[in-house]
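Below is one structure, written out as structure tokens; the observations come after it.
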Amino acid sequence: MNGRSSVSLAEFAARHGLTQSAARPSPRKYVQELWQRRTFIWAFASAKTTATYTSSRLGQLWQVLTPLLNAGVYYLIFGVLIGTNRGIDNYTAFLITGVFVFTFTQRSLTAGARSIGNNLSLIRALHFPRASLPFAHVLMELQQLLISMAVLLMIVLATGEPITWHWLLMVPVLALQLMFNIGISLAIARLGAFARDVQQLLPFITRSWLYFSGVFFLIPEMGQRIADKGHSWVGPILEANPASVYLELMRAALLTSFREDVQPYDVDFGRLWLYAVAWALVAFFGGFWYFYRAEERYGRG
């Protein structure tokens, strides 16, 4: 009577078989929906990659120039002025490899933080698994990395490194790093969706992470130097750092000189592979679950 009813909305929906349109599906169904949209995810990533530099005169060339210019600045500061190149035979290839690999993780993290907030109109207009957006942004960074890797291989050869069977290890290293990057991007995407301040903090976090990840120095040598000062616990932490794990494995795959540089320190590459697999699995499944738990809340308010 008069537009009022004693029946609640939940009871009315149950009586007529209505369900919430944006309800979170089961994990299995959610994964199936993501797989069904794999073409959309790749196309979205490719379109974003193409559009990123369209307004620049050099266009897609900036995908390679940006990390190369950063490597040039770091070489001047750390290699020439500070002298962290001591004990590193091929510092040019060592540094550029580190910059390229770390940039992949750094940019994936930054893109993940913005993936939800920058696509609210799309989220509110269409029904699709929200995890598609962080996935697409990380794949966009992967596409840019693959272009950079082609340049990196030419630099490695130009600096005198030979082609060996170790180069095949690049594939599993990149696959594990991709899993890790997707996981942390999913986690930071949820944080960034509800706390925009995360985007302001990220540059400081990633810059600090850069300095502790062995991009500019030999981690075993630095760990031993710090241990000589009575802080033996620092070396294992530097070694287990996920960013440095993928850096060291990529250098070991590409650079014969790097494998020779670390021989005096008895680096256990088997342990590094265990770290790489563990970080990839923990980050991927943990980040996915953390993001999935807030699926129905994205784009609200």
Side-chain angles (χ1 to χ4, degrees), residues 67 70-71 73-106 108-109 152 156 159 161 164 166-167 169-170 172-174 176-177 179-181 183-184 202-283:
N70 284 333
V73 173
Y74 295 144
Y75 183 88
L76 176 63
I77 296 174
F78 293 95
V80 177
L81 299 180
I82 299 180
T84 59
N85 58 347
R86 292 189 297 270
I88 303 174
D89 183 54
N90 187 357
Y91 191 69
T92 300
F94 174 93
L95 177 62
I96 294 177
T97 302
V99 171
F100 278 29
V101 175
F102 183 85
T103 298
F104 179 34
T105 295
Q106 181 184 40
S108 296
L109 193 62
L152 174 61
V156 166
T159 55
E161 298 289 341
T164 67
H166 287 86
W167 280 33
L169 294 175
M170 286 190 298
V173 173
L174 281 180
L176 291 171
Q177 188 185 10
M179 287 182 62
F180 174 78
N181 289 356
I184 60 174
L202 266 183
F204 303 99
I205 295 172
T206 55
R207 193 176 303 125
S208 301
W209 197 9
L210 169 72
Y211 295 140
F212 286 98
S213 297
V215 176
F216 315 113
F217 56 85
L218 270 178
I219 286 181
E221 189 272 337
M222 181 63 70
Q224 181 175 323
R225 188 189 308 176
I226 297 175
D228 293 340
K229 297 180 181 180
H231 304 288
S232 58
W233 54 271
V234 175
I237 293 178
L238 291 176
E239 182 186 50
N241 172 7
S244 64
V245 166
Y246 298 115
L247 284 180
E248 299 289 271
L249 290 177
M250 184 61 72
R251 285 168 174 158
L254 288 177
L255 309 178
T256 301
S257 61
F258 173 75
R259 297 194 297 273
E260 295 172 352
D261 291 338
V262 298
Q263 279 182 356
Y265 303 99
D266 296 325
V267 175
D268 188 349
F269 286 105
R271 185 166 64 241
L272 289 182
W273 278 105
L274 288 177
Y275 283 151
V277 173
W279 277 120
L281 294 176
V282 170

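- In terms of heavy atoms, Met179 sits closest to Leu281 at CE-CD2, 3.9 Å.
- Applying the side chain to side chain donor-acceptor pair (under 3.5 Å) test to every pair with at least one member in residues 230-240, sequence neighbours left out, gives these pairs: Glu239-Arg271.
- Taking CG of Asp261 as the start and OG1 of Thr256 as the end, the distance is 10.5 Å to the nearest 0.5 Å.
- A pairwise comparison of heavy atoms in Trp167 and Ala253 identifies CD1-O, 3.2 Å as the closest pair.
- At distances below 3.5 Å, at least one donor-acceptor pair connects side-chain atoms of Ser244 with backbone N or O atoms of Leu238.
- Among all heavy-atom pairs drawn from Pro220 and Val267, the shortest one is CG-CG2, 3.5 Å.
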Test side-chain contact (heavy atoms from CB on, under 4.5 Å) applied to Trp273 and Leu169, step by step: CA-CA 11 Å; Trp273 278 105; Leu169 294 175; 4.2 Å; yes

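- Of the inter-residue distances, the one linking Asn241 atom CG with Tyr246 atom OH reads 10.5 Å to the nearest 0.5 angstrom.
- Trp279 and Phe180 have perpendicular rings, their planes meeting at more than 60° on a 0 to 90° scale where under 30° would count as parallel.
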May I have the step-by-step check of side-chain contact (heavy atoms from CB on, under 4.5 Å) for Met250 and Leu174, ending in yes or no? CA-CA 8 Å; Met250 184 61 72; Leu174 281 180; 3.8 Å; yes

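- By the 6.0 Å contact criterion, CZ on Phe212 is open, its count of non-hydrogen atoms from other residues, nucleotides or ligands being 12 or less.
- The backbone N or O of Phe216 sits less than 3.5 Å from a side-chain atom of Tyr91, completing a donor-acceptor pair.
- In terms of modelled atom types and a separation under 3.5 Å, the side chain of Thr164 and the main chain of His166 share a donor-acceptor contact.
- Going from atom CD1 of Ile96 over to atom CG of Leu152 covers 7.5 Å, rounded to the nearest 0.5 Å.
- Closest of all the heavy-atom pairs between Ala276 and Leu176 is CB-CD1, 3.9 Å.
- Here the closest non-hydrogen pair linking Asn181 and Ser108 is ND2-OG, 3.6 Å.
- Here Tyr265 contributes atom OH and Leu218 contributes atom CG; the two are 6.0 Å apart, rounded to the nearest 0.5 Å.
- The CG atom of Leu272 lies 5.0 Å from the CG atom of Leu249; values are rounded to the nearest 0.5 Å.
- To the nearest 0.5 Å, atom CG of residue Asp89 and atom OG of residue Ser257 are 5.5 Å apart.
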Could you give me the CA-CA distance, side-chain angles and deciding distance for Gln263 and Arg259, then say whether side-chain contact (heavy atoms from CB on, under 4.5 Å) is met? CA-CA 6 Å; Gln263 279 182 356; Arg259 297 194 297 273; 5.7 Å; no

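- The aromatic rings of Phe258 and Phe94 sit tilted, their planes meeting at an angle between 30° and 60°.
- Between the side chain of Thr159 and the main chain of Val156, a donor-acceptor pair closer than 3.5 Å is present.
- Closest approach of Val101 and Gln177 over heavy atoms only: O-NE2, 2.9 Å.
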